[in-house]
Amino acid sequence: MDSQNPLAEFRLECQNSLADALQKLFPKKQIARLSLDKPPNPEFGQLASSLCFELAKQLGEKPLALAKRLVETLDKSKFSLIEHVTTAGGGYVNFHVDFAKFSALTIDSVRHFDTEYGFVKTDNPLKIIVEHTSANPLSPIHIGQARNPMLGDAIARTLKARGHNVYRHYYIDDVGRQSAVLSYGYEKLGRPKPEGKPDHFFGKIYTTTSCLVEINRLKKELERAKAVSATEEIMKLNRELDDWISVAAELKEKYRELFEALLEKIGKDKDPETTINELNKAYERGDEHAKQLIREVSELCLQGFKETLSCAEVFYDSWDWESEIVWSNRVQEILEKLEKTPYVSALGGVLEFDAEKATQKLKLKKELNLRESYEVPSLTLVRADGTTLYPTRDIAYTLWKFERAEKVINVIGMEQKLAQLQLKIALYALGYSNYADNLIHFAYNLVNLPGYKMSSRTGRYITFDEVMDEAVKRAYEEVSKRSPQLSEEQKQKIANFVGMGAVRYALVEVDPSKPVVFTWDRVLNFETNSAPYIQYSHARACSILRKAQRKPEKPAYNLLKEQLEHEIILAVSSFPDVFIEAAELLKPNLIADFANVLADKFNTFYNALPVIKAKPQELSDARLALVDSVRIVLRNALNLIGIVAPERM
RNA sequence: GGGCGGGUAGCCCAGUACGGAUAGGGCGCAAGCCUCCUAAGCUUGCGGUCGUGGGUUCAAAUCCCACCCCGCCCGCCA
């Protein structure tokens, strides 16, 4: 017999057995949930119930006495995977598994399901769009933004394995001021042909243009503030100006020629601000010149992104242009619909969405987990010049996504929490409460550099490309040191998956809600980073199986009596549980952690017990099968987080 | 000021949804282990006011309240 979830078989048997006994002892009592815990120590069995503590209190009895009565009442003739049941501590009921049977069930199941082991299918398969990365086509993807594709891709892989129909979408945010800023600078330079990787090339232009325009704007505002002697404001503007001036100094240092060229060209423009705004307006209208210019820039940047992402083995099913959403009139339609709701007001040309009013009228506070006293800030939908803002377009885009999927997961940084909330409220206001309920903002925290924030606008960032290159380079040095006998080609190959694995792992292992401080050491220290360790463990398992030169023909699983073997069997049997939890709660880091723990146990086993040379042959066969199951589970787990499981390294 | 997220060994992080038995790893540090399936490995040791103070409970890192520290957000930016 094989099972997709061996541990669940055992758990179910324990629960049924416990429920029967409770029924016999207390026919009238309803016990809501029979949850079982993993005991802290193998002497307490493999699953434990603490229900006697609570029950005893209700009955006015001693917990331990009750536990004993309960255990005596269990119908032992029905035991299959249960070996025996004991009481312990103040009143625990401890279930001990019959390892001879359980090992057979687990190992056979893993080897039978092989590439599918652990991937328990959902009862409710959905069409799910996972929108991730969606970095603006302005400057290269930096390591802070890279946390997004690493998480998004792991989530997409996990949900797919869970049996959902998953579509990975990249939202190309080509509409909006920032694209106009970049294109403005690019045009001022006479649309030069990109040197090197286009996203890196445009990144320099974007940062420099943005900085110069910003300084220009701040100076003007400062004059205006001085004219009316607004002391407070002057101080604030001066601070901002100082910041940008120091950014300018850095940029001048880094890209001298480009900086001088842009300084000169932009200097000739009396009012860059207006030119940029006009360009933005023209693009939204779909004017030919603007379209041609901004599309050219965006496409070129995307080429660079695709190159970067494919190095990281991240791919998409759809590239969605924000401009298409605007030009198709979808945004206009949504605005008209919103205007008919009682929550939108027009002040001059400006359209404002009163999110607080909508939340109150539709009684959403509880639903959205908001405090009653919290006032949701209102959202500007349309500027005075008639152009739209990002959240407005996002409402239209979200509806577009829901025409194609039942559930939408947006992998977006937590700094956009409010915008995502407002988006959701707008959906409710439009009457799409079903969509709103199925819209998930998967928020993750920022990756910072020690001491300061990474940002595209200021050019203070470390690119994803740079990190990957450095990781692979460093891995190459490491391989060369550890395995000088390998061929050049082999070394390259290993360096590649070790380096990339380390980068992936570093960004997936921590809980997404925690901030990560990027240090080269974190990614490149192969002692600290667990990815190479897990990969190495997998390779070791493969190596044993290869060296054995035989299949485990007559495995006697009852000979697997060592504590270490039992622990590995339990770990392997719990993979389906871990997988389900990771998929349901969208927690890819659970998979990373699980793989690390299993690798750990396996290495201990490797060191302590012989496999190929174990006697008798039936034991050796059983251990070979065990090693095979570890190999399969490590590989399946690594696949979920996009890390290569190598056969040799 | 308000909202949200985080605070667990010197450093990096699990564990908190659903309270359970002595709070787990890794790095670093100290001491060992290759006549044995890959030493990117293994073993042992040192190291903890689970931010602080209350409360609920047979039982609190986990739940409730208050406070402190860090981050993010509160834009006609995205």
Side-chain angles (χ1 to χ4, degrees), chain A residues 33 35 37 39-41 44 48-50 53-54 56-57 63 88-92 94 134 136 138 173 175-179 348-352 369-371 373-377 379-385 387-391 393-394 412-419 421 443 445-446 448 453 457 475 478-479 481-483 494 498 509-511 513-517 519 521-522 525-533 535-537 539-548 581 584-585 587 589-590 592-593 596-597 600 603-604 606-614 623-624 627 648-649:
Chain A
R33 240 191 29 231
S35 66
D37 305 306
N41 188 314
F44 300 136
S49 168
S50 55
F53 292 102
E54 206 185 331
K57 215 183 146 214
Y92 290 98
N94 293 333
S134 305
N136 295 352
L138 306 168
D173 185 14
V175 183
R177 240 187 75 90
Q178 73 293 338
S179 285
V350 178
L351 228 56
E352 198 79 14
N369 256 325
L370 302 173
R371 294 199 181 189
S373 59
Y374 175 63
E375 197 176 322
V376 187
L379 173 69
T380 305
L381 297 165
V382 178
R383 293 191 184 95
D385 70 358
T387 56
T388 55
L389 285 113
Y390 172 82
R393 291 171 244 133
D394 205 15
I412 298 178
M414 63 159 221
E415 70 277 9
Q416 292 205 44
K417 193 107 194 172
L418 175 60
L421 174 71
N445 215 316
L446 300 173
N448 295 307
K453 241 179 102 168
R457 247 164 45 113
E478 209 67 25
V479 190
K481 205 165 67 196
R482 294 175 200 258
S483 319
I494 293 170
V498 168
E509 72 167 337
V510 267
D511 186 322
S513 63
K514 300 199 180 193
V516 170
V517 176
T519 57
D521 190 63
R522 189 183 190 108
N525 183 338
F526 300 130
E527 298 300 323
T528 311
N529 191 303
S530 298
Y533 177 72
Q535 290 175 315
Y536 180 71
S537 312
R540 269 185 152 179
C542 291
S543 173
I544 293 177
L545 297 166
R546 194 167 52 234
K547 289 262 167 72
E581 196 177 343
E584 295 307 307
L585 302 180
K587 285 183 139 186
N589 54 312
L590 296 181
D593 197 50
N596 195 16
V597 170
D600 214 346
N603 278 316
T604 308
Y606 182 97
N607 211 258
L609 301 166
V611 176
I612 298 172
K613 289 182 183 163
R623 284 189 181 155
L624 272 176
V627 170
R648 295 168 200 264
M649 71 181 268

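These numbers were taken from a predicted model, which means no experiment stands behind them. Protein chains get the first letters and strands the later ones, always in sequence-line order, with residue 1 at the start of each.
Without hydrogens or angle criteria, Ser543(A) side chain to Ala539(A) main chain gives no donor-acceptor distance under 3.5 Å. In terms of modelled atom types and a separation under 3.5 Å, the side chain of Asn445(A) and the main chain of Ser513(A) share a donor-acceptor contact. Although no hydrogens or angles enter the test, the distance criterion places a donor-acceptor pair under 3.5 Å between the side chain of Arg393(A) and the main chain of Val175(A).
Here G32(B) sits opposite C42(B) as a Watson-Crick or G-U wobble pair (both hydrogen-bonding atom distances under 3.5 Å). A 3.5 Å limit on both hydrogen-bonding distances identifies no Watson-Crick or G-U partner for U16(B). G1(B) is paired with C74(B) under the Watson-Crick or G-U wobble criterion, all donor-acceptor distances under 3.5 Å. In this structure, C50(B) makes no Watson-Crick or G-U wobble pair, since no nucleotide meets both defining distances under 3.5 angstrom.
With distances taken from any side-chain atom of Val498(A) to the nucleotides C76(B), G3(B), A40(B), the minimum falls on A40(B). The Arg540(A) side chain lies nearest to G41(B) when the options are A17(B), G41(B), C4(B). Checking G15(B), C37(B), A40(B) against every side-chain atom of Tyr606(A), the shortest atom distance belongs to C37(B). With C74(B), A17(B), C12(B) as the candidates, the nucleotide lying closest to the side chain of Pro377(A) is C74(B). Between U38(B), A21(B), G25(B), one nucleotide has an atom nearer to the side chain of Tyr92(A) than all others, and that is A21(B). Comparing A21(B), C73(B), A17(B) by their nearest atom to the side chain of Phe44(A) picks out A21(B). Closest to the side chain of Glu527(A), from the set G41(B), A14(B), G15(B), is G41(B).
Arg383(A) approaches Thr388(A) most closely through the heavy-atom pair NH1-O, 3.3 Å.
Rounded to an integer number of Å, the gap from Asn603(A) CG to G25(B) C1' is 14 Å. Rounded to whole Å, atom P of G26(B) lies 18 Å from atom CG of Asn589(A). Rounded to a whole Å, the CZ atom of Arg522(A) is 8 Å from the C1' atom of C13(B). With rounding to whole Å, Asn445(A) atom CG is found 8 Å from G6(B) atom C1'. Rounded to an integer number of Å, the gap from CG of Asp394(A) to C1' of C77(B) is 14 Å. Atom pair Asn525(A):CG and G28(B):P shows a separation of 7 Å (rounding to whole Å applied). Following rounding to the nearest Å, Glu478(A) (CD) and G41(B) (C1') show an atom-to-atom distance of 14 Å. Whole-Å rounding puts the Glu415(A) CD to C4(B) C1' distance at 13 Å.
Applying the 4.0 Å criterion to OP1 and OP2 of C72(B), one finds that Lys417(A) has every side-chain N and O outside that range.
With respect to Tyr533(A), the side chain to side chain donor-acceptor pair (under 3.5 Å) criterion is satisfied by exactly one of Asp600(A), Thr528(A), Asn596(A): Asp600(A).
Straight-line distance between the P atoms of G2(B) and A61(B): roughly 30 Å, to the nearest whole Å. For the C1' atoms, the distance from C70(B) to G75(B) is 24 Å, rounded to whole Å. C4(B) and A60(B) have their P atoms separated by 27 Å, given to the nearest Å. Across U44(B) and C36(B), the matching P atoms stand 23 Å from one another, rounded to whole Å. Rounded to whole Å, the separation between the C1' atoms of C33(B) and A59(B) comes to 43 Å. If you take atom C1' in A17(B) and the same atom in U22(B), they sit 26 Å apart, rounded to whole Å.
In summary, Glu54(A) and Lys57(A) do not engage in a salt bridge, as defined by a charged side-chain N under 4.0 Å from a carboxylate O.
Evaluation of atom-type donor-acceptor distances gives no pair under 3.5 Å for the side chain of Asn607(A) against the base of U43(B).
Nearest-nucleotide mapping onto RNA chain B: of Ser513(A) and Arg383(A), the residue sitting toward the 5' end is Ser513(A). Comparing Arg482(A) and Ala48(A), the nucleotide of RNA chain B nearest to each residue sits closer to the 5' end for Ala48(A).
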